[in-house]
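Everything numeric in this text was worked out from a predicted model, so none of it was measured.
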Amino acid sequence: MKKTLKMHDESTSRQKVEDVQEGALPPYLLDRDQTQRAKVLSNTIKQKRMEKAGKWEVPLPKVRPVAEEEMFKVLRTGKRKTKQWKRMVTKATFVGPGFTRKPPKYERFIRPTGLRFTKAHVTHPELKCTFNLDIISVKKNPNGQMYSTLGVLTRGTIIEVNVSELGLVTPAGKVVWGKYAQVTNNPENDGCINAVLLV
């Protein structure tokens, strides 16, 4: 696994050769430096590639898969209650601040207001402190892409949180605004979201 990650991370670049070979060089090559291909690791490129690949060093690498029957409750609609195309999400969810529901006639997935969350208790593993931070988005739900787009928060979900109040700074001196965290509890049982910051 480490080897494959290393292959993904390494980018090729040119470096100057210090030792010069014996023998005369043609005049058109005299002012040119001899170069060799070398592998260089760049931290920001590595991080971006890891985000694209969806690979993180996470506190919970394996979680129990959630069945669709457990995740959704079938709602029967229509005058005779014969239509069964609507689903109600039974787990905790996150919807953005500018969210408006579709008209009931067209809404396939219903996310109950009582199970919507906007904040999470995020623990910083190095500082050993917990902060109540705003959730920006749901990055990845381990149960599938559909749950990620619906914003379903189950155990092991990667969420993006607003860490601007923590005062974290990048090596360049810029303030870090959003950082990823992994949900470590079952929010629908506890009534709150506990997460660990991915540093």
Between K102 and F109, is a side-chain contact (heavy atoms from CB on, under 4.5 Å) present by the stated rule, with each step listed? CA-CA 10 Å; K102 282 182 183 173; F109 295 105; over 6 Å; no
Check step by step if side-chain contact (heavy atoms from CB on, under 4.5 Å) holds for L197 and E126. CA-CA 9 Å; L197 205 67; E126 288 165 10; over 6 Å; no
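Between the R155 side chain and the N185 main chain, no donor and acceptor come within less than 3.5 Å of each other. Side-chain atoms of N141 come within 3.5 Å of backbone N or O of N143 as a donor-acceptor pair.
Counting side-chain heavy-atom gaps under 4.5 Å among Ile, Leu, Val, Met, Phe, Trp and Tyr, the cluster of W177 also holds I136.
A continuous path of hydrophobic side-chain contacts links F117 to F131 [ILVMFWY only; heavy atoms under 4.5 Å]. I135 is connected to V176 through a chain of hydrophobic side-chain contacts under 4.5 Å among Ile, Leu, Val, Met, Phe, Trp and Tyr, so both are in one cluster. There is a path of hydrophobic side-chain contacts, each under 4.5 Å, that joins Y180 to V58. Hydrophobic clustering keeps Y147 apart from V183 (ILVMFWY residues linked when any side-chain heavy atoms are closer than 4.5 Å, directly or through intermediates).
Taken to the nearest 0.5 Å, the CZ atom of R76 stands 14.5 Å off from the NZ atom of K86. Remark: L150 CG to I110 CD1 distance equals 12.0 Å, nearest 0.5 Å.
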Return a table of donor-acceptor pairs under 3.5 angstrom between the side chains of residues 87-94 and protein atoms on other chains or two or more places apart.
| from | atom 1 | to | atom 2 | distance (Å) |
| --- | --- | --- | --- | --- |
| R87 | NH1 | Q84 | O | 2.9 |
| T90 | OG1 | E70 | O | 2.6 |
| T90 | OG1 | M71 | O | 2.9 |
| K91 | NZ | E70 | OE2 | 3.0 |
| K91 | NZ | E188 | OE2 | 3.1 |

Show me, pair by pair, the donor-acceptor contacts under 3.5 angstrom made by side chains of residues 156-167, not counting sequence neighbours?
| from | atom 1 | to | atom 2 | distance (Å) |
| --- | --- | --- | --- | --- |
| T157 | OG1 | T154 | N | 3.0 |
| T157 | OG1 | T154 | O | 2.7 |
| T157 | OG1 | T154 | OG1 | 3.3 |
| E160 | OE1 | S137 | OG | 3.2 |
| N162 | OD1 | S164 | N | 3.2 |
| N162 | OD1 | S164 | OG | 2.9 |

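The shortest side-chain heavy-atom distance between N194 and H121 falls under the 4.5 Å cut-off. Between V152 and V138 there is no side-chain heavy-atom pair separated by less than 4.5 Å.
No more than 12 heavy-atom neighbours from other residues, nucleotides or ligands sit within 6.0 angstrom of OH on Y106. Shown here is R80, whose CZ atom has no more than 12 heavy atoms of other residues, nucleotides or ligands within 6.0 Å.
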